[in-house]
Amino acid sequence: MKQIPDNHIIIIGAGPAGLMASQILAEKGFKVQIFEQNKASGRKFLVAGNGGFNLTHSEELEFFIEKYDAPEIREIVKGFDNKKVVDWLSDLGITTYVGSSGKIFPTKNFKPIQVLKAWLDRLEQLGVVIHYEHTFIDFDENFVTLKHKENELKVDYSKLILAMGGGSWKKTGSDAKWIEILKSKNIEITPLESANSGYNTDSKFHQLQGQYLKNIKVSFEGNDKIGEVVFTKYGIEGSPIYYLNRFTRKHDFPLIINIDLKPNLLEAEILEQLNGTEKISQVLKRKLKLSTTALNLLKTLDKETYTNIEILSKLIKKFPIEILSYRPIDEVISTSGGVSFSELNDKLELNKFPNVFCAGEMIDWEAPTGGYLLQACFSTGFWVANEISK
C-alpha cells in the first residue's frame with residue numbers, strides 16, 4: 001500500500017463523488033479530510049432515494065455509456081462501470097437487485113440512509129475525517145479557504161478535490177456558489193441549465209393535472225423514449241421527458257414534442273379500427289384500449305379534428321405537445337453545464353491549477369435519470385482518486 005503520511009488530500013463536498021474519491025485514496029494509504037458545508041453527508045444522495053433508490057443500471061456497457069453526452073465522461077464511466085458499482089456495494093455489505101426496468105436498487109431491507117451509513121462507517125474505519133459546517137470560500141496553489149461558523153480558516157493541501165455538485169435542489173446544499181469563485185480565476189464554466197427537467201406546456205394541458213400516460217413513446221426530431229409521463233399543474237414530467245432535455249436544449253422555445261399513444265400499433269391499423277360504424281369514442285376505448293388519460297388528452301382537440309378519423313389516427317401516433325420552457329433549476333433533478341472539459345486534463349485536474357481536481361456534477365456532462373447520474377458521480381470520484389494515487 002502506498003504510504004505518504006505527509007500527503008494531505010483535501011476534498012470539498014461529502015456527496016457521492018467526494019465520498020468515493022476519499023474511500024479509494026484512503027484504501028491506498030493517503031490521509032484524507034473532507035470538508036462539507038451541510039451538517040451531514042450525502043444530502044442529495046438521500047433525496048435521490050425518495051423516488052426509488054436506483055444506484056446504477058444493469059444495461060450492457062456499450063449501450064450504458066451512450067446515455068452520456070460527452071466522450072470524456074463515457075471513458076471515465078468505463079473506468080468504474082455499473083458492474084464495479086455493484087461489486088463495491090457488495091463489499092460494503094449492501095445487496096442489490098435488478099428491477100423490471102433494468103435499474104439496480106438495494107434490496108428491500110436496505111433503506112437509503114442505511115446504504116449511506118454503511119459507506120460512512122467504512123470511511124471512518126479507513127481513517128477518513130469529515131468536517132461538517134465548513135463552507136468553501138476560495139483556494140490558491142497551496143491553501144483552501146473555508147468558513148466554519150464565524151471563523152475563517154486556511155487549510156494546506158498537496159492535492160485538492162472539488163466535488164461540490166451542480167445547481168439543483170439547493171436545499172441539499174447543491175447551490176453552485178463555487179461558480180463565481182472558479183470564474184474569478186478565469187476557469188471556463190458552461191452556464192448551468194435545468195436538466196432532467198419537466199416542461200412547462202400550453203395551458204390547455206393543465207386540466208390533465210395528476211393524470212398519467214403509461215407505455216407511450218415521446219419523441220423530438222428523431223430522438224424518442226418509451227415510458228411513463230405525468231401531467232402537472234404547469235406541464236409534463238417523467239423519464240422520457242427528461243431524456244429529451246438534451247436534444248430540446250439546442251433549440252429555442254416554444255417547440256413541439258410528440259407523444260405516440262399506441263407505440264405497438266401502426267397508423268394504418270388504428271385507421272382501420274376507426275373506419276367502421278361504431279362511435280369513435282367506443283373504438284378508442286374498447287378496441288384501441290386507450291387509457292382514460294389518453295382519451296382526455298384527445299378531448300383537448302376541437303370537434304372537427306376529433307371526428308376526422310384520418311387526422312385522429314395520425315394524432316394518436318403523433319400527438320403534439322407545445323412546450324414553453326424548462327422548470328426552474330432549483331426544482332429539477334440535475335443540471336447541465338459546469339466546469340468545461342477544456343479546463344481539465346485527462347486526470348480531471350485543472351490546467352490552470354495543478355493539484356486541484358474536479359469530480360461529480362460540477363463538471364460539464366449530462367445524463368438521464370435511471371442510475372446514470374449517480375454512476376457518473378461514483379466514476380469521476382474513482383477516476384480522480386486513481387489518477388492521484390498513480
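Everything numeric here is computed off the predicted structure, so don't read it as measured data. Values below: every heavy atom of this structure, side chains too, minus hydrogens, waters and symmetry copies.
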Are [X] and [Y] linked by a side-chain donor-acceptor pair shorter than 3.5 Å?
{"X": "K84", "Y": "S379", "answer": "no"}
{"X": "Q209", "Y": "Y234", "answer": "no"}
{"X": "Y242", "Y": "K225", "answer": "no"}
{"X": "T172", "Y": "S174", "answer": "no"}
{"X": "E75", "Y": "W383", "answer": "no"}
{"X": "E27", "Y": "Q23", "answer": "yes"}
{"X": "D364", "Y": "S340", "answer": "no"}
{"X": "S41", "Y": "Y132", "answer": "yes"}
{"X": "S313", "Y": "E267", "answer": "no"}
{"X": "T95", "Y": "T107", "answer": "yes"}

Hey, is the main chain of [Y] close enough, under 3.5 Å, to the side chain of [X] for a donor-acceptor pair?
{"X": "K44", "Y": "I333", "result": "yes"}
{"X": "D138", "Y": "T145", "result": "no"}
{"X": "H206", "Y": "T201", "result": "yes"}
{"X": "N351", "Y": "E343", "result": "yes"}
{"X": "Y326", "Y": "N245", "result": "yes"}
{"X": "K287", "Y": "L274", "result": "no"}
{"X": "R122", "Y": "D91", "result": "yes"}
{"X": "E36", "Y": "N38", "result": "yes"}
{"X": "H148", "Y": "E133", "result": "yes"}
{"X": "E180", "Y": "K177", "result": "no"}

* Once you round to the nearest 0.5 Å, how far does NZ of K147 lie from CG of N151? ->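 So the NZ of K147 and the CG of N151 are separated by 9.0 Å.
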
* Asked: Any idea how Y372 and H57 line up, ring-wise: parallel (<30°), tilted (30 to 60°), or perpendicular (>60°)?
  ->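 Aromatic pair Y372/H57 classed parallel.
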
* To do: Measure up the F35 and H131 rings against each other and bin them: parallel (under 30°), tilted (30 to 60°), perpendicular (over 60°).
  =>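 Geometry flag for H131 against F35: parallel rings.
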
Heavy-atom closest pair, residues [X] and [Y]:
{"X": "F382", "Y": "M20", "answer": "N-CG, 3.7 Å"}
{"X": "Y157", "Y": "N355", "answer": "CE1-O, 3.9 Å"}
{"X": "I137", "Y": "I181", "answer": "O-CD1, 3.2 Å"}
{"X": "I94", "Y": "P106", "answer": "CG2-CB, 4.1 Å"}
{"X": "A367", "Y": "N196", "answer": "O-ND2, 2.8 Å"}
{"X": "A385", "Y": "A21", "answer": "CB-O, 3.6 Å"}

Between [X] and [Y], is there shared hydrophobic-cluster membership here, with clusters defined by ILVMFWY side-chain heavy atoms closer than 4.5 Å?
{"X": "I316", "Y": "L301", "answer": "yes"}
{"X": "L244", "Y": "L255", "answer": "yes"}
{"X": "L324", "Y": "Y199", "answer": "no"}
{"X": "Y212", "Y": "I257", "answer": "no"}
{"X": "F143", "Y": "L182", "answer": "no"}

Charged N to carboxylate O below 4.0 Å: is that the case for [X] and [Y]?
{"X": "E269", "Y": "K262", "result": "no"}
{"X": "E278", "Y": "R286", "result": "no"}
{"X": "D87", "Y": "K83", "result": "no"}

Is it true that atom [atom1] of [X] has more than 12 heavy atoms of other residues, nucleotides or ligands lying nearer than 6.0 Å?
{"X": "K185", "atom1": "NZ", "answer": "yes"}
{"X": "E304", "atom1": "CD", "answer": "no"}
{"X": "E60", "atom1": "CD", "answer": "no"}

